[in-house]
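A quick write-up on the structure given underneath.
Side chains are part of it too, since the values below use all heavy atoms of this structure and drop only hydrogens, waters and symmetry mates. Here is how names work: the chains are called A, B, and so on, in the same order as the sequence lines, proteins then strands, and each is numbered from 1.
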There are 2 protein chains.
Amino acid sequence: MSRRRVTLADVARRAGLSTTAASMILNGRPDTRLSEDAHRRVHAAAAELGYRPNVAARGLRTAKTLTIGFVSDLVATTRFASGLIKGALEAAENAGHVVLVAETGGDPKREGEAIAALLDRQVDGVIFAVMRARELFVPELPEGTDAVMLNATNARHPAAVLPDEEPGGRAAVRLLVEAGHAEGIALIGQSDEAEGDVFRSTTVARRVAGIRGAMADHGLEFVAEKSIWQWEPQHGYTSTMELLRQCPDVRALICMNDRLAFGAYQAVTEAGLRIPDDISIVSFDNDEVTAYLRPGLTTIALPHEAMGRRAVDLLLGDEPGAETLVPMPVVERASIGPPRGR
Amino acid sequence: MSRRRVTLADVARRAGLSTTAASMILNGRPDTRLSEDAHRRVHAAAAELGYRPNVAARGLRTAKTLTIGFVSDLVATTRFASGLIKGALEAAENAGHVVLVAETGGDPKREGEAIAALLDRQVDGVIFAVMRARELFVPELPEGTDAVMLNATNARHPAAVLPDEEPGGRAAVRLLVEAGHAEGIALIGQSDEAEGDVFRSTTVARRVAGIRGAMADHGLEFVAEKSIWQWEPQHGYTSTMELLRQCPDVRALICMNDRLAFGAYQAVTEAGLRIPDDISIVSFDNDEVTAYLRPGLTTIALPHEAMGRRAVDLLLGDEPGAETLVPMPVVERASIGPPRGR
DNA sequence: AGCGAGCGCTAAATCCTTTTAGCAAGTGAG
DNA sequence: CTCACTTGCTAAAAGGATTTAGCGCTCGCT
């Protein structure tokens, strides 16, 4: 059993120098005038003793702890936050930092307590992540602590990381057009007519704008639009069923997310049609659910891990805070094919 | 903007006492002989100034940081680790602790570094979690630091939290028997004959033992057993297809996990049979994928969150370290019905 | 010879808290 | 009146690092 952690004093003693000298050498201070020999001895001593600095003690003096806080409303319910955390963990590790995770369940009281707990531990910065992109309330932070919004925005903290939804929306349309589709394209999940300007979330608004912008640019119009409030498989199923009945000449579906697409798959299959021979489908998110779909669903991915990484880089870097958009990769699988008359 | 964090010295000054007195009062030391009046003044001062102790400084002195480390091989890939983390976070919050999360990807080098980073921050204890239950290598920890294995075991650290698989396995059989099944039960995913004593994981072994034990107790035998290495939907599909061809009198399926069950659903449906009218299905895990199945899949759940909570309680409590088994809840949905001749 | 600068290093202060040792005043017993 | 003890409180040390200020010497220059 290791008796006691080895301290800087131990290293200095073994190297025959003061702790000051040892500290300066180990931290590679630029103005160091210490001799070559001293450097050698200190590094040797540190290595032999297996010295590791005590971060708490250092933090006490420097007010830097090499620790960042990650506060999210929901950690586990979906794969969503997990991806963000994974990316953040990776980037933090690369930067020699470590991550304190706190979950608030969206409850402002718990949020306040969580943040206080993090600040008590002198975190260097905080990442605030939410599931559904929105303007997020953030309590006041002490001066030295910066914050980055992840999938969220906040007036006082302009540094934010969001998926680049507009081009993502355009990409979905482009995939269909490139496959030869021009007529019979339907939109599952959103309808301007039905929803007007009701606000879903920052990102959804941009996604829709991208889709509609691209349609307009190509001079196309949707053959039908289905408004759905909860983007769950069941509603994707019923809406698609309805659509197929009302509108037999539909040849392609843009689903607002993969869960709707999952339901659409069921409806299409049940109607005796085949994907992509009779109907092409493209969707968004690259949700875990896509793993269970045959044929594979072509989808515009939410770049969770990249976003998590980016947030940490932004927090640790010293670029001025601004909104950073992370590209949404196109995941091409097998659900899009050329249109075919039926 | 708050200028500077308020320190204990500020509180003491405002209360007209020494920092010693303030410290003793705020920490509620039992042997305190300080006056009622002093208590009042210190508490008032602390409240007015919004004093929060600096955990790093306290930890420096007490070697306690109210922080625990959570090391896992995979945080995000499946919902698995997320559930564990969520539970751990909850329990830690209740105990006034905070959680440092580190991911190792299963790489021993990263694992070593992650643990070192946690120890540099003086964590009070560490939870080691792995996806697939197994004996886990854990590097030596300093004396004061305890460890709890989560979904894993380790000879040097007997405190471990595992799902209680044996009764879980028995429950699956019981559900079928209670619905009236006695013949035509097949096992999808495991076959003693094909696999012999090959070791999958601690927990799987117990799950199988429970299933086989219950079958034997009821004097039943499987009409077929399908060995499958990778428990993924695709293989569940092909194995079930095969089974239905070879063995038309099958009436119930025990699937080793929900992903296999997902494939089995597809196969059964495609064969023109209905669940549960023609075939009953029961399975394990209560994976997210079950949300997408119609009719709802009856499954024996892996109690991830409860396990995460339990691990923290074990770590923070002072019970002697031992293996703790967390019950697996039966999630009854609609995939089991009475057997019917075809 | 005298002065300033450079060199190689260290003592001491600092960060914030807890803990140990002990001081001064009052009280009760003898 | 003295001694021992209690009461209510504080000074100082400790914990492990970083940072500031500066010491004593040599060298080069005028």
Side-chain angles (χ1 to χ4, degrees), chain A residues 2-42 45-46 49-67 119-124 142-144, chain B residues 3-42 45-46 49-67 119-122 124 142-144:
Chain A
S2 45
R3 310 270 309 112
R4 188 182 57 89
R5 252 183 103 93
V6 4
T7 75
L8 185 62
D10 298 328
V11 173
R13 190 163 26 252
R14 175 175 256 252
L17 289 168
S18 69
T19 61
T20 307
S23 169
M24 287 177 150
I25 288 173
L26 290 177
N27 292 323
R29 293 279 301 274
D31 64 337
T32 271
R33 296 188 314 233
L34 294 157
S35 65
E36 269 310 310
D37 191 54
H39 276 80
R40 247 198 339 87
R41 289 193 338 255
V42 168
L49 297 175
Y51 170 70
R52 301 212 36 127
N54 179 323
V55 177
R58 168 184 290 170
L60 192 55
R61 189 73 241 267
T62 61
K64 289 275 159 245
T65 50
L66 299 181
T67 303
L119 294 178
D120 290 350
R121 283 152 186 92
Q122 315 257 103
V123 292
D124 295 344
E143 223 158 332
Chain B
R3 309 270 311 111
R4 191 181 55 89
R5 250 184 105 93
V6 2
T7 75
L8 185 61
D10 298 328
V11 174
R13 189 164 28 250
R14 176 176 255 252
L17 288 168
S18 69
T19 59
T20 307
S23 170
M24 287 177 148
I25 288 172
L26 290 177
N27 292 322
R29 291 282 298 273
D31 64 337
T32 272
R33 298 186 313 233
L34 295 158
S35 65
E36 269 311 310
D37 189 53
H39 276 81
R40 246 197 340 85
R41 293 202 323 265
V42 168
L49 297 175
Y51 170 70
R52 305 217 26 134
N54 179 324
V55 177
R58 168 184 289 169
L60 193 56
R61 189 73 242 263
T62 60
K64 288 276 157 244
T65 51
L66 300 180
T67 303
L119 294 179
D120 290 349
R121 283 152 186 91
Q122 317 257 102
D124 295 345
E143 224 157 332

Separation of atom CG in A/Leu66 from atom P in D/dA17, rounded to whole Å: 14 Å
query: Under 4.0 Å between a Lys/Arg side-chain N and an Asp/Glu carboxylate O for A/Arg5 and A/Asp10?
result: no
- prompt: Do A/Thr20 and D/dT19 share a donor-acceptor pair, side chain to base, under 3.5 Å?
  reply: yes
message: Taking atom types as they are modelled, would you say the side chain of A/Arg61 forms a donor-acceptor pair with the base of D/dT18 within the 3.5 Å cutoff?
response: yes
task: Quick one: closest heavy-atom pair of A/Val55 and A/Thr65, and the distance?
output: CG1-O, 3.4 Å
query: What closest approach, in Å, do B/Arg41 and B/Gly16 show between heavy atoms, and which atom pair accounts for it?
result: NH2-O, 3.9 Å
- request: Rounded to the nearest angstrom, tell me the gap between atom CG in B/Asp37 and atom P in D/dT7.
  value: 18 Å
task: Give B/Thr62 one of three labels, base, sugar-phosphate or nothing, depending on what nucleic acid heavy atoms sit under 4.0 Å from its own.
output: sugar-phosphate
- prompt: Does C/dT18 have OP1 or OP2 sitting under 4.0 Å from an N or O in the side chain of B/Ser23?
  reply: yes
message: Could you tell me how far apart A/Arg41 (CZ) and C/dT10 (C1') are, to the nearest whole angstrom?
response: 14 Å
Tabulate atom names and distances for all N/O pairs under 3.5 angstrom spanning the protein and nucleotides 22-25 of chain D.
none

- prompt: Among the nucleotides C/dT10, C/dT20, D/dG8, which one has an atom lying closest to any side-chain atom of B/Leu34?
  reply: D/dG8
message: Just N and O in the side chain of A/Tyr51: are any of them under 4.0 Å from OP1 or OP2 of D/dA17?
response: yes
- request: Can you tell me the distance, in whole Å, between the NZ atom of B/Lys64 and the P atom of C/dT18?
  value: 15 Å
query: Across the strands shown, which category fits B/Ala38 at heavy-atom distances under 4.0 angstrom: base, sugar-phosphate, nothing?
result: sugar-phosphate
message: Keeping A/Ser23 on the side-chain end and A/Thr19 on the backbone end, is there a donor-acceptor pair under 3.5 Å?
response: no
field: Spacing between A/Met24 atom CE and D/dG16 atom P, to the nearest angstrom
entry: 21 Å
OP1 or OP2 of C/dC15 under 4.0 Å from side-chain N/O of B/Asn54: no
field: Residue closer to the 5' end of DNA chain D, B/Glu36 versus B/Ala56 (nearest nucleotide)
entry: B/Glu36
task: Check the distance between D/dG16's P and A/Asp10's CG and give it to me in whole angstrom.
output: 9 Å
message: Within the 4.5 Å heavy-atom criterion, are A/Leu26 and A/Leu8 side-chain neighbours or not?
response: yes
- request: For A/Ile25 and C/dC9, give me the distance from atom CD1 to atom C1', rounded to whole Å.
  value: 10 Å
task: Please determine, by modelled atom types, if B/Thr67 and B/Arg121 share a side-chain donor-acceptor pair under 3.5 angstrom.
output: no
- request: Compare every heavy atom of B/Val6 with every heavy atom of B/Gly50, then report the nearest pair and how far apart it is.
  value: O-CG1, 4.3 Å
message: Taking only side-chain N and O atoms of A/Thr7, does any of them lie within less than 4.0 angstrom of OP1 or OP2 on D/dA17?
response: yes
statement: Closest non-hydrogen atoms of B/Tyr51 and B/Thr7, given as atom of the first, atom of the second and distance, are CE1-C, 3.5 Å
- prompt: Can you check the B/Arg52 CZ to C/dC16 P distance for me, whole Å?
  reply: 16 Å
